[in-house]
Protein chains: 2
Amino acid sequence: MSPNLSQRLKDSGIQPSAQRLAVAQYVLSTDDHPSADQVLAKVQSLVPMLSRATVYNTLNLFVEKGLLKQLVLAEGKVVFDPVLSPHHHFIDDDTGRIEDVPWDAIRVSDPARLEGYDVTEYMVVMRGRKLGGPRKLQKKR
Amino acid sequence: MSPNLSQRLKDSGIQPSAQRLAVAQYVLSTDDHPSADQVLAKVQSLVPMLSRATVYNTLNLFVEKGLLKQLVLAEGKVVFDPVLSPHHHFIDDDTGRIEDVPWDAIRVSDPARLEGYDVTEYMVVMRGRKLGGPRKLQKKR
DNA sequence: GTCAAACTCTGGATTAAGTCTAAAGCCGAA
DNA sequence: TTCGGCTTTAGACTTAATCCAGAGTTTGAC
Ligand SMILES: [Mn+2]
Ligand SMILES: [Mn+2]
Ligand SMILES: [Zn+2]
Ligand SMILES: [Zn+2]
């Protein structure tokens, strides 16, 4: 799966320590959009000797070096996204889950041409319910 | 300007107390997207006898009753938006300021038709720089 | 008008995500 | 082997937001 994760970190100018590799292994290959706490829980279950500070340090470092994007799409939900190419996001109102929507699935009339603005980046953020799956528990309100 | 703000609150099922009217007067008519702290500072300068708890209670109540929308577009920036009709948002990377972009200014190929999703709401979120204005101080990095 | 119940507001305590700090550990080059 | 710099750690700290319990206010029945 990861022919040389260590090399990938080096190429980004990151010293590949054991902790950083453990975090990278999970967060750079997930389909999810995990929060820092989720990363901590997940990686700590494999490498118990891992502190909260290191997880935050590592995630922030990865963002800084361009291996991850940080997203804030809902209240109190800062999450990390290993998909670097442009794409849109769908947020399931029932579960809170954030899903990627391929760039080509939606056509947007060139916002880069907005009068008076220099738009360097954009995405469509959608909210709603995902169809098909079993009815999920509704979030307390 | 506000022929009967009191009535508007009542119509939404909100008891129009003095504090709520003061908050409403500001937050329901601003062109800005203020944070709770900005609302507190602004309204407190007019009505000194106003607690932080009441501002949060009032803003959350207004959101619940549909007078305000809550937006979270950037890390640590929860803001409130009195514009209820659908519109897009532009975030100035230099200043952090959030501006409304009219619905018609951008055409989006009907995301409500996305396969497998029931999209109830969507917006385009843009980031970049605003042209024309004087160069603003860049945020510390 | 009186009074009690319900609603509203307040200051201070509490929570929780995230950052900071200072000491200890690790690692690679000389 | 030793040294200096990088990395990690536990716990202290910061801060937005919520909770709480007492005080104030409004409402409506009588
Ligand atoms: Mn951060
Ligand atoms: Mn809230
Ligand atoms: Zn994504
Ligand atoms: Zn807006």
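Letters A, B, ... are given to chains in the order of the sequence lines, protein chains preceding strands, and every chain is numbered from 1.
A salt bridge does not link B/E75 to B/K77: none of the charged side-chain nitrogens sits closer than 4.0 Å to a carboxylate oxygen. Looking at A/R113 and A/D110, a side-chain N of the basic residue comes within less than 4.0 Å of a carboxylate O on the acidic one, giving a salt bridge.
With rounding to whole Å, B/R52 atom CZ is found 8 Å from D/dA16 atom P. A straight line from CG of A/L40 to C1' of C/dA16 spans 14 Å, rounded to a whole angstrom. One can place CG of B/N57 at 14 Å from C1' of D/dA16, the figure rounded to the nearest angstrom. Taking atom CD of B/Q38 as the reference point, atom C1' of D/dA16 lies 14 Å away to the nearest angstrom. The NZ atom of B/K77 sits 16 Å away from the C1' atom of D/dT15 (whole-angstrom rounding). A straight line from CG of A/L59 to C1' of C/dG18 spans 12 Å, rounded to a whole angstrom. For the pair A/L61 CG and C/dT19 C1', the interatomic distance rounds to 15 Å; values are reported in whole Å. Rounded to whole Å, the distance from CG on A/D37 to P on C/dT19 is 12 Å.
The only option from A/V55, A/V39, A/L50 that meets the side-chain contact (heavy atoms from CB on, under 4.5 Å) definition with A/Q44 turns out to be A/L50.
Between B/S51 and C/dT10 there is a side-chain polar atom (N or O) within less than 4.0 angstrom of OP1 or OP2. Regarding contacts with the backbone of C/dG18, a side-chain N or O of A/Y56 is found under 4.0 angstrom from either OP1 or OP2. Close to C/dT19, at under 4.0 Å from its OP1 or OP2, lies a side-chain N or O of A/N60.
Counting heavy atoms of neighbouring residues, nucleotides and ligands inside a 6.0 Å radius, atom CZ of A/R52 does not exceed 12 of them.
Between B/H88 and B/W103 the shortest heavy-atom distance is CE1-CZ3, 3.4 Å.
The aromatic rings of A/H33 and A/H87 sit tilted relative to each other, their planes meeting at an angle between 30° and 60°.
With D/dG11, D/dT8, C/dT10 as the candidates, the nucleotide lying closest to the side chain of A/A53 is D/dG11.
For the atom pair CG of B/L114 and CD1 of A/I106, the computed distance is 5.0 Å after rounding to the nearest 0.5 Å.
Of the residues in residues 8-22 of chain B, those lying under 4.0 Å from DNA chain C by heavy-atom distance are B/Q15, B/S17, B/Q19, B/R20.
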